[in-house]
Student: 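I am attaching a structure below and will ask some questions about it afterwards.
Residue numbers start from 1 in every chain, and the chains themselves are labelled A, B, ... in the order their sequence lines are given, proteins ahead of strands.
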Amino acid sequence: MPSIKNFGEGLWRGLKITFKHLGRKWITVQYPEQKLTMSKRVRGTDIIWDRESCISCRACERACPVGAIKMEVSRGEDKKLQTDDITTDLGLCIYCGLCIESCPTGKSIYLGYNYANTTYRCTQCATAKTGTSPSDGRCGELILSNDALLPDDIKRPRSGYYRPERAAELPEQTLLVYKTTYAEDRRNKKEGK
Amino acid sequence: MDWGHFLIFTVILFGFVISGVLFFIWYERRGLGRFQLRPGPNRAGPFGLLQPIADAVKVLLKEDLVPALADKPVHFLAPLVAFVPAMAVFAVIPFGDGALLADLNIGILYIMAVSSMIVIGIFMAGWSSSNKYSLLGAMRTIAQEVSYEIPLVLSILGAVMLAGSLSLNDIVKAQDVPFILLQPLGFLIYMTAAMAEINRTPFDLLEADSEIIAGFQTEYSGMKFGLFYLTEYAETLSVSAIASTLFLGGWAGPAFLPGFAWLILKIIAVFSLILWVRATFPRLRIDQVMAFCWKFLLPLALLNLLLTAVLVLTGLNDQLWLAIPLNLALAVVLIIGLSRQYKTGGGHAVN
């Protein structure tokens, strides 16, 4: 036998729940003005090679299951191995991290910690090549040029994947619920915080 | 005949409806955003206020495609046939004492007659598209709209009986207290039936991605689709305006604001209610929608009409201190009583 509580209670409860939502903080982020902090161990966006510490052993190249890393290695005058050229094909890369795990030096190859390999406008990308139209294949609109993705750029942010000492330096991951709202950010900016 | 009056009011009404629709589109998207813990449109203009304009420009610039086998004249006329009645309803909505395009003594009858014409536009669209999904969508919408017309009219009759007139201006004047207090059940039935009539959630079955795609408007693009979109919001505006006029006192209100401002505030309040419902409830199945109309709303509306007639005849509704609690109690008792009898089409008890 249905009790009196059953009649319309579900409807009222539903309306009450949605009404409560009105006063809550937004949990979406206003990309690209706001970006969430990613996990320290994120595997994505990039492969970064460190010229200084690399011993040119080609372990990363051999470990790569899809052949995304190509190295050209030769012996120098002091008989030591040296890397003449390294290319990383981010289109092929599956971001498995095996190259990082296989590196004997423990600091010669990293995964990128970039949010995205794109820029908001091509003018913001200093090294963007610009063409007259996108069809000539050289317009740098919305994507970084190959120059900006050179594998040995020291400035590119590195992920802490398989590198605990690197991970320790990176900021904590931001959870959605703790993120400030777009309105708050604007207010803070106005107040100079 | 005073042509100046007609001309000026027509221009004002057109401006009111178009700006009202643009505001509603913005308000709904922002409102739904707040309900869903996201900001909503906020890029075009301050607070995203120019978003509807941007949408309109986008729709205008889109290619107008017509299916090869479509009945072209009918396909072309359908959005117009749907849009014109949605606009015409506003001719009898009073924005102040006597401030209306045409003070018809059969105002409510006119509204019901004209708003029913939209169904013809929808059927034309579904039929002429030469697409079985469009036709199925149109049939489904028509079945729903024709069915819900009955409880809608019956719920309005309660207010008409209390006012003793079919003219909307007289109904507003008759409201010493807003009729929502004397007709709470009538208001609830009106809002439910009206939401089904204008295909708002949870009765928005004219579209169903998995079965009939976008229903009768599947084959429409560009400005013709824009016109259907406009119709949908113009209908919502008219439903809110009628609810405000019949149950919330229309333009009547304390004198510190002009009459039209009160009406607009009430329209926004009713639209907020519709928005709140949209943000809350999932949509029903078509058989549930139809069963709800014929097995629950219609008997409820008939009972409401009968009891209102009794209260008006006995003069009880003139004693406000007694009539208001009595009507509220009747609404609760009738809803609970009828809920216990109500079963959906599949024979499963709802409660």
Side-chain angles (χ1 to χ4, degrees), chain A residues 1-38 115-116 118-124 134 141-142 173-191 193, chain B residues 27-44 46-48 184-185 188-189 191-192 195 201-203 269 272-284 288 292 296-297 300 328-329 331-344 348-351:
Chain A
M1 191 63 158
S3 72
I4 195 150
K5 276 177 73 181
N6 289 18
F7 296 105
E9 200 203 355
L11 298 178
W12 172 241
R13 202 189 298 158
L15 287 168
K16 207 166 76 178
I17 288 170
T18 42
F19 192 75
K20 274 187 190 167
H21 276 76
L22 278 177
R24 288 197 191 163
K25 276 186 179 178
W26 305 337
I27 57 169
T28 50
V29 181
Q30 297 288 285
Y31 187 83
E33 288 93 352
Q34 288 183 322
K35 289 168 186 171
L36 295 171
T37 310
M38 289 186 292
Y115 207 86
T118 52
T119 53
Y120 189 49
R121 287 273 181 276
C122 85
T123 46
Q124 288 174 2
E141 186 77 45
L142 285 177
Q173 182 177 9
T174 321
L175 292 175
L176 279 173
V177 281
Y178 297 127
K179 187 72 191 167
T180 56
T181 64
Y182 180 57
E184 274 180 8
D185 271 10
R186 288 178 61 181
R187 211 177 301 134
N188 288 343
K189 205 179 271 180
K190 210 178 262 180
E191 289 166 7
K193 279 183 195 169
Chain B
Y27 184 62
E28 174 158 36
R29 292 180 64 180
R30 288 286 289 194
L32 283 178
R34 296 320 299 259
F35 277 116
Q36 294 162 0
L37 306 186
R38 58 185 177 82
N42 60 358
R43 297 297 161 124
F47 307 106
L185 188 57
L188 280 178
I189 297 170
M191 285 313 294
T192 316
M195 271 192 263
T201 318
F203 306 105
S272 304
L273 180 72
I274 295 174
L275 177 61
W276 187 13
V277 168
R278 177 174 175 180
T280 307
F281 298 122
R283 64 213 303 239
L284 303 170
Q288 289 172 333
F292 182 70
F296 184 71
L297 270 194
L300 200 61
L328 282 170
V332 173
V333 168
L334 283 178
I335 290 174
I336 291 178
L338 223 62
S339 300
R340 299 182 73 156
Q341 306 300 319
Y342 170 58
K343 301 258 194 295
T344 56
H348 306 291
V350 163
N351 295 304

Student: Thr280(B) and Thr18(A): which non-hydrogen atoms are nearest, and at how many Å?
Tutor: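 That would be OG1-OG1, 2.6 Å.
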Student: To the nearest 0.5 Å, what is the distance between CZ on Arg34(B) and NE2 on His21(A)?
Tutor: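 Result: 12.0 Å between the selected atoms.
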Student: Give the ring-plane orientation class for Phe19(A) versus Trp276(B), where under 30° counts as parallel, over 60° as perpendicular and anything between as tilted.
Tutor: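 Rings of Phe19(A) and Trp276(B): tilted, as their planes differ by 30° to 60°.
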Student: Of all heavy-atom pairs between Leu11(A) and Phe281(B), which one has the smallest distance, and what is that distance?
Tutor: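 Leu11(A) and Phe281(B) have their closest heavy atoms at O-CZ, 3.5 Å.
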